[in-house]
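Reviewing the structure listed below.
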Amino acid sequence: MAKLTSRAENYSQWYNELVGKADLAENSDVRGCMIIKPHGYSIWEKMQSALDKMFKDTGHSNAYFPLFIPKSYLSKEADHVEGFAKECAVVTHYRLKAAEDGSGLIVDPDAKLEEELIVRPTSETIIWNSYKNWIQSYRDLPILLNQWANVVRWEMRTRLFLRTAEFLWQEGHTAHATKGEAVKEAEQMLEVYAAFAEEFMAVPVLKGLKTASERFAGALETYCIEALMQDGRALQAGTSHFLGQNFAKAFDVKFATKEGKQEYVWATSWGVSTRLMGALIMSHSDDLGLVIPPKLAPIHVVIVPIYKGEEQLSQISEYALKLKGELQQKGLTVKFDDRDTYKPGFKFAEYEMKGVPVRVAIGPKDLANGTIEVARRDTLEKSTISNTKATDHIYGLMNIIQKNIYNKALKFREDSSHKVDDYDEFKRIIANEGGFVYAHWDGSAETEELIKQETKATIRCIPLDQEKEEGKCIRSGKPSKGRVVFAKAY
RNA sequence: CGGGAUGUAGCUCAGUCCGGUAGAGUGCUCGUCUGGGGGGCGAGAGGUCGCAGGUUCAAGUCCUGUCAUCCCGACCA
């Protein structure tokens, strides 16, 4: 396996190569679609199970709605159509037949669908069409559902995990009796996402509100978490939407209040996708390959034996399997790689590429000395320790690594965040250094668009913890009451 | 949908200008020596040169058409 292109040399090539060499995913022959390979999927499963637990803990249940949505549903909510119509895959026929000239299969023109179906780009419409039937009274509320699904958005330019035509995600869809409750739900799920990103992915995130132009199609308010990648570009890692009564009105979902009045239901939706894989990869990994935080690592520890001949291998195996068993008792996933078909050096490089947090090497010297060699993936430090301390030491390393990775990412973000009040300075930083730029903005879509045209930077969010501060808009000079966060984004 | 480029071994690509037996690196298979950081040596398998026409004694190479992919722009979790 050849070395990776370094991040400094070509960041985007580094990313592409890493996704391939770490065995996470590959491109499909179907344009824009990806094949998620076992190692990549294992990480996704870890993410799913942690998130799923958090959703359940906050009172949500899983359900499943269809892949296909009648075309007419989409058009019921005006902004929603506007946002998604341009990227929908459409099913028009339900049968193929052999071509008469023998050239293969063709779409059977006699099998045209009465109403065309779209492949879901998101499920608000089909879900609210059901909620209409499920909700009559305030007693039916709230409805707190989530679904794990695939969706399709026909993107022109795609990149593995970051933007693919088909992707996996979860979408929460909730229905509430009051506006306050719905807003609270949207905010709560944003907190869940932020906690997940920071505690499991070890990715620090900014919590904020999207500006009107960046808002989800059909939402009144979009909350988001934004992460900063190592190349200084921002990545939207999750969104939570307060949908107001837009979908309730579009699908005529009313409920009887305690007082017997008919009112429209309040809604939220929220989602994170396999894009999180991109965030994970680009937050921590280095020129040797992937770095995965222990809480999401499919394998925590790999043990590599170093030996000559069968006899030595069997002695080392005994030693290694004992350690493996002890670590498993502690709840760690351990792989003992006794393949004889690859040499130790190759294995070291391979597990570094795949991001296994801790590697243990055991050779004849260790047997003689009662030691093992422990290597950390995050710092690349190697240390030789007594085998009597091995289990506790390695177990303890998991927390240390988890924290270290987070702190490193946090420090990077802090070092890459700038307060800027001068537009030339703003342009210079956006163009050369990247990172998050905190600057004043007059609140108008026109100015936002101008800045985007002139610098390629967009407003990533209006931070939830925004400080009140009188200032002048960096572009228009008009008054502003607080700073918003600009960056070039993925 | 506009601008640019590329289709040759599993992968990355040379060969095309100037037509003459299909190449390299890597990966793969077998043998052997090796084994504490991506091994050495030897042998071997693997290709309708994107597709369809044409020119020619002869086409990966020249001509025409066609399909596909990638990159840069407009759109986006």
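Letters go in sequence order (proteins before strands), and every chain restarts at 1. We use all heavy atoms of the structure for the numbers below, so side chains are in, but hydrogens, waters and symmetry mates are not. Quick caveat: nothing in here was measured; it's all calculated off a predicted structure.
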Any strand counts, and the cut-off is 3.5 Å on both contacts for Watson-Crick or G-U wobble. Which nucleotide pairs with [N]?
N	result
C30(B)	G42(B)
C51(B)	G65(B)
G25(B)	C11(B)
C18(B)	none
G60(B)	none
G73(B)	C1(B)

> Nearest nucleotide by nearest heavy atom, which residue falls closer to the 5' end of RNA chain B, Asp340(A) or Arg159(A)?
Replying inline: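 Checking each residue's closest nucleotide, the 5'-ward one belongs to Asp340(A).
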From [atom1] of [X] over to [atom2] of [N], roughly how many Å is that when rounded to an integer?
X	N	atom1	atom2	value
Phe346(A)	G36(B)	CZ	C1'	17 Å
Glu26(A)	G10(B)	CD	P	15 Å
Glu17(A)	U12(B)	CD	P	11 Å
Asp337(A)	G37(B)	CG	P	16 Å
Lys3(A)	C11(B)	NZ	P	25 Å
Asp287(A)	G37(B)	CG	C1'	17 Å
Leu160(A)	C70(B)	CG	P	11 Å

> Hey, does Lys382(A) reach any base, or is it just sugar-phosphate, or nothing, if we go heavy atoms under 4.0 Å?
Replying inline: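 Base, at least one base heavy atom under 4.0 Å.
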>> Does Asp29(A) reach a base, just sugar-phosphate, or nothing at all? Heavy atoms under 4.0 Å.
In response: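 Nothing: the residue Asp29(A), judged by heavy atoms under 4.0 Å, touches no strand.
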Check whether any side-chain heavy atom of [X] sits under 4.5 Å from a side-chain heavy atom of [Y], and report yes or no.
X	Y	result
Met229(A)	Tyr15(A)	no
Glu214(A)	Ile459(A)	no
Met34(A)	Thr158(A)	no
Trp148(A)	Asp52(A)	yes

Sticking with atom [atom1], work out how far [N] lies from [M], rounded to a whole angstrom.
N	M	atom1	value
G27(B)	G10(B)	C1'	7 Å
U26(B)	C41(B)	P	10 Å
A14(B)	C49(B)	C1'	13 Å
C11(B)	G35(B)	C1'	28 Å
G36(B)	A22(B)	P	43 Å
G25(B)	G65(B)	C1'	35 Å
C70(B)	G19(B)	C1'	29 Å
A9(B)	U48(B)	P	9 Å

> Reading nucleotides 72-77 of chain B from the 5' end, what letters show protein touch, with B for base, S for backbone sugar-phosphate only, - for no heavy atom under 4.0 Å?
Replying inline: SSB-BB
>> Taking ring pair (Phe, Tyr, Trp, His ring centres under 6.0 Å) as the definition, give me every residue that meets it alongside Phe68(A), ordered by chain and number, with sequence neighbours left out.
In response: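 Expected list: none.
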>> For Tyr11(A), give me all partners under ring pair (Phe, Tyr, Trp, His ring centres under 6.0 Å), at least two apart in sequence or on another chain.
In response: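 Tyr11(A) satisfies ring pair (Phe, Tyr, Trp, His ring centres under 6.0 Å) with Trp14(A) once adjacent residues are dropped.
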Please list every donor-acceptor pair under 3.5 Å in which a side-chain atom of residues 230-239 of chain A meets a protein atom from a residue at least two apart or in another chain.
from: Gln230(A); atom 1: OE1; to: Arg7(A); atom 2: NH1; distance (Å): 2.6
from: Gln230(A); atom 1: NE2; to: Met282(A); atom 2: O; distance (Å): 3.2
from: Gln230(A); atom 1: NE2; to: Ser283(A); atom 2: O; distance (Å): 3.4
from: Gln230(A); atom 1: NE2; to: Ser285(A); atom 2: O; distance (Å): 2.8
from: Asp231(A); atom 1: OD1; to: Arg233(A); atom 2: N; distance (Å): 3.2
from: Asp231(A); atom 1: OD2; to: Tyr490(A); atom 2: OH; distance (Å): 2.7
from: Arg233(A); atom 1: NH2; to: Ala489(A); atom 2: O; distance (Å): 3.0
from: Gln236(A); atom 1: OE1; to: Lys210(A); atom 2: NZ; distance (Å): 3.0
from: Thr239(A); atom 1: OG1; to: His241(A); atom 2: NE2; distance (Å): 3.4

>> So, under a plain 3.5 Å distance rule, would you say the side chain of Glu352(A) forms a donor-acceptor pair with the base of G37(B)?
In response: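 By the distance-only test, yes, there is a pair.
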> Can a donor-acceptor pair under 3.5 Å be found between the side-chain atoms of Lys347(A) and the base atoms of G35(B)?
Replying inline: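 There is none.
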>> If you take any heavy atom closer than 4.0 Å to RNA chain B, which residues from residues 355-381 of chain A end up in contact?
In response: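 Residues of residues 355-381 of chain A under 4.0 Å from RNA chain B: Arg359(A), Ala361(A), Gly363(A), Pro364(A), Lys365(A), Asp366(A), Glu373(A).
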> Do any of residues 303-312 of chain A sit with a heavy atom less than 4.0 Å from RNA chain B, and if so which?
Replying inline: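 Result for residues 303-312 of chain A: Ile306(A), Tyr307(A), Lys308(A), sorted by number.
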> Which residue pairs pass the side chain to side chain donor-acceptor pair (under 3.5 Å) test with at least one member in residues 356-369 of chain A, sequence neighbours excluded?
Replying inline: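 The answer is Glu352(A)-Arg359(A), Asp366(A)-Thr371(A).
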> Residues two or more places apart in sequence or in another chain: which of them pass side-chain hydrogen bond (donor to acceptor under 3.5 Å, both in side chains) with Asp340(A)?
Replying inline: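 For Asp340(A) the side-chain hydrogen bond (donor to acceptor under 3.5 Å, both in side chains) partners, ignoring immediate neighbours, are Tyr307(A).
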> For Trp169(A), which residues count as a side-chain hydrogen bond (donor to acceptor under 3.5 Å, both in side chains) partner, sequence neighbours excluded?
Replying inline: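 Checked Trp169(A) against side-chain hydrogen bond (donor to acceptor under 3.5 Å, both in side chains); matches are Glu171(A).
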Give the table of side-chain donor-acceptor pairs shorter than 3.5 Å for residues 195-206 of chain A, with sequence neighbours excluded, one pair per line with atom names and distance.
from: Glu198(A); atom 1: OE2; to: Val205(A); atom 2: N; distance (Å): 3.0

> Where does the angle between the aromatic ring planes of Trp270(A) and His60(A) fall among parallel (under 30°), tilted (30 to 60°) and perpendicular (over 60°)?
Replying inline: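 Correct class here is perpendicular.
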>> Under the salt bridge (charged side-chain N to carboxylate O under 4.0 Å, His left out) definition, can you give me all pairs with a residue in residues 22-34 of chain A, not counting sequence neighbours?
In response: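 Found Asp23(A)-Lys37(A), Asp23(A)-Lys354(A), Glu26(A)-Lys37(A).
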>> Test of understanding: with side chain to side chain contact (heavy atoms under 4.5 Å, CB included), list the residues that count as partners of Ala250(A), not counting sequence neighbours.
In response: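 Here the qualifying residues are Lys76(A), Glu77(A).
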>> Heavy atoms from C-beta onward define the side chain here; which of U69(B), G35(B), G38(B) lies closest to that of Met353(A)?
In response: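 The answer is G38(B).
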